[in-house]
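Note that the structure is predicted; figures quoted are calculated from it, not measured.
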Amino acid sequence: MRTSELFVPTLREDPGEAEVPSHRLMLRAGMIRKVAAGIYTYLPLGLRVIRKIEQIIREELLRAGAQELLMPILSPAELWRETGRWDFYGKELFRCRDRHDREFCLGPTHEEVVTDLFRREVRSYRQLPLTVFQIQTKFRDEIRPRFGLMRAREFIMKDAYSFDAEMTGAAKSYQAMYDAYHRIFERTGLRFRAVEADTGLIGGTSSHEFMVLADTGEELIVYDPHGTYAANVERAEVPPPTEISIEPLQPLQKVHTPGAKTVEEVCALLGATPDRLVKTLLYTTDRGTVVAVLIRGDHQANEIKIKRYLGVHDLALADAETVQAITHAPPGFAGPIGLSHVRILADHAIRAMRNMIVGANEADAHYINANWDRDFQVEAFADFRQARAGDPTPDRTGTLHCARGIEVGHVFMLGTKYSEKMGATFLDAHGSEHFVIMGCYGIGVGRTVAAAVEQNHDDKGIIWPIPIAPFHVHLLPVTPSDAIAHLTETLYHDLQRAGIDVLWDDRDERAGVKFNDADLLGIPYQIILGDKGLAQGTVDLKERKTGRIEKLSPSSLISSLVDKLSMGAKA
RNA sequence: CGGGGCGUGGCGCAGCCCGGUAGCGCACCUGCUUUGGGAGCAGGAUGUCGGAGGUUCAAAUCCUCUCGCCCCGACCA
């Protein structure tokens, strides 16, 4: 392809609307343009990358035995009412009506539609197992779309659904998708990690997220670099401490702590370290009750774990009035001693502590040398805090490290949640009816593109991994002589004949413009053709990633490139 | 939905406080020169100043409403 024939409107300056690197660079490189908040047009270059990722996904899923189909974007309200999600999904579900005033929504996901298909068409265990997938545009009316393709309202997603007769089969289907996802992300050339994910209130069964590692990622993950354990921090279990404090119990004492509301302020005032202090967090649940959760001063509460323990949907830190009403003190001085009419839960770490510092439920006062059991009662000790670097793995064989990631894939065992609600059943060998066991599996295609840029860029532009690069090679003639024109033309055809995707910058631009645009677009290899090299019978082959330049004769160039590209594609 | 910010030529911005009829850089068009890291000179085209209403002799500028967008938070698997 010649640049003069390719619609790539590059921008010299950073667009004002973009903050994060992927968004900024994709706009500048002429890959995407915004149509409305969270809604984008994919320009030719952006679409090429999307198509490459889609193709890898398609090949691996077909290889894993899944079948491709395509469901509609619009789906009728009655299907969503059957599962209760017409109401439950909330404002994210984009609703509309047709001319007959029938209600529809734009599909944010397709469990309802695919389950409906299943129950109409599948009768017998002999038709199972079945896994289907589609690559299609989804719509979720996000409260706040942001970061370009990272969190868009309209986005391309691959979603797959598995149907099995038994749990063992369902586990196999799940594993097949998990393995396929591994191959898919390996093939993209991105650094990623599969992590255990939270299953939400549905609970129970398996869920894994595939995270592209990037410092700018929205998700925090923990992993054992020497083992197999890896989890989303929301999910990561923290084992109870093994070392219990054996300090002698000191007498409880109230101390004056004027204005010290935060852990830092109290510590500074009392000359203590945060791990001697206990935060008393008051939460309001969706049932209107208030619960106190004790967390060590240097730890962070994990609200998902608290929610799961309590079995509630919503949990929010109590507002100032509630805190005042419960503790009879302004926020910042809550403590477990003398707290009544409130359940008191504590993180495991509290059990190991003695002589701790707690709020005194009184303005400007804390207790020192507080001890559970002696000074206050705890209803239950459990895992309520967020894991952090340095914590042991759940089996205590390793130590956790932290990393940031971008969630690009999610595999989820659904069980019979949808099949029960929608009556999706089959007959087994004995003629008895069962609900089909389902799994669902998503990959955000657009988000994968954004994550790739987020992970692979420098101050000049994008650095595409070879397998998803829009082109393999960027041909850059930089001097306007006839000899160079001739050589370029020859090379262009030879490269194409060798099966290499080549972009030829045939614009009448100065060298600097071409170099800068080439670095911005991030095609893995640049071939620089100029009179300077030609005088010595060489052309420059520059690797975008390292900036390293090799001087090669035009004749050896192609075989050298073919080698590099095939190695890079495997890597 | 709460908080903050921004809408001025294709892009990035100044002008707004203190009202006087719109400017800079880049990009674009023409010509000449130039050509290995975003060229030079000369000439040229491009604006309902997001929209509506109001105040005023006069509004990009002041007031009211409204729409859109960005950021933080809440929210979301």
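In this entry the distance linking NZ of Lys542(A) with P of rG37(B) reads 11 Å, nearest Å. Across the protein-nucleic acid pair, Arg12(A) atom CZ and rA39(B) atom P stand 6 Å apart, rounded to whole Å. Asp517(A) has its CG atom 12 Å from the C1' atom of rA27(B), to the nearest Å. One can place CD of Glu219(A) at 11 Å from C1' of rC76(B), the figure rounded to the nearest angstrom. Spacing between atom CZ of Phe139(A) and atom P of rC76(B) amounts to 19 Å, rounded to whole angstrom units. Nucleotide rA77(B) holds its C1' atom 10 Å from the CZ atom of Arg85(A), rounded to whole Å.
A distance of about 15 Å separates the C1' atoms of rU61(B) and rG54(B), rounded to the whole Å. Rounded to whole Å, the separation between the C1' atoms of rG3(B) and rU8(B) comes to 26 Å.
If you check every strand for non-hydrogen atoms under 4.0 Å, Gly90(A) touches nothing. Among the heavy atoms of the strands lying under 4.0 Å from Ile143(A) is at least one base atom, whether or not backbone atoms are also near. Nucleic acid contact for Arg140(A): none, since no nucleic acid atom lies under 4.0 Å from a heavy atom of the residue. Note on Arg33(A): nothing from the nucleic acid sits closer than 4.0 angstrom, heavy atoms only. Across all strands, Leu476(A) comes closer than 4.0 Å to no nucleic acid atom at all (heavy-atom distances). The residue Gly16(A) sits close only to the backbone: its heavy atoms come under 4.0 Å of sugar-phosphate atoms, none of a base. Using a 4.0 Å heavy-atom cutoff across all strands shown, Asp14(A) reaches sugar-phosphate atoms only and no base atom.
Using a cut-off of 4.0 Å between Lys/Arg side-chain N and Asp/Glu carboxylate O, Arg544(A) and Asp458(A) are scored as salt-bridged. Using a cut-off of 4.0 Å between Lys/Arg side-chain N and Asp/Glu carboxylate O, Arg507(A) and Asp517(A) are scored as salt-bridged. Of the charged side-chain nitrogens involved, at least one lies within less than 4.0 Å of a carboxylate oxygen, so that Arg151(A) and Glu142(A) count as a salt-bridged pair.
Nucleotide rA42(B): paired with rU30(B) (Watson-Crick or G-U wobble, both distances less than 3.5 Å). Within the shown strands, nothing qualifies as a pairing partner of rA22(B) under the Watson-Crick or G-U definition with both distances less than 3.5 Å.
For an aromatic pair to be called close, the ring centres must be under 6.0 Å apart, and His182(A) with Phe210(A) satisfies this.
Between the side chains of Tyr174(A) and His208(A), a donor-acceptor pair is found at a separation under 3.5 Å. Of the N and O atoms on the side chains of Glu407(A) and His410(A), at least one donor lies less than 3.5 Å from an acceptor on the other residue. Between the side chains of Lys279(A) and His299(A), no donor N or O sits under 3.5 Å from an acceptor N or O. Counting only N and O atoms by type, the side chains of Ser560(A) and Ser556(A) include no donor and acceptor under 3.5 Å apart.
Applying the 3.5 Å distance criterion, the base of rA27(B) shares no donor-acceptor pair with the side chain of Glu13(A). Side-chain N/O atoms of Lys532(A) and base N/O atoms of rG37(B) include no donor-acceptor pair closer than 3.5 Å. The base of rG38(B) does not come close enough to the side chain of Glu509(A) for any donor and acceptor atom to sit less than 3.5 Å apart. No donor-acceptor contact under 3.5 Å links the side chain of Asp531(A) to the base of rG36(B).
RNA chain B is contacted by Glu19(A), Arg28(A) of residues 18-31 of chain A, taking any non-hydrogen atom closer than 4.0 Å.
Across rA77(B), rG12(B), rG73(B), the shortest atom-to-atom separation from the side chain of Glu407(A) is found for rA77(B). Comparing rC69(B), rC75(B), rG37(B) by their nearest atom to the side chain of Ala37(A) picks out rC69(B). Here the side chain of Thr479(A) is nearest to one of rG12(B), rG36(B), rC69(B), namely rG36(B). Nearest nucleotide to the side chain of Val478(A), out of rC69(B), rG36(B), rC71(B): rG36(B).
Remark: Arg510(A) is not in phosphate contact with rG38(B), judged by side-chain N or O atoms under 4.0 Å from OP1 or OP2.
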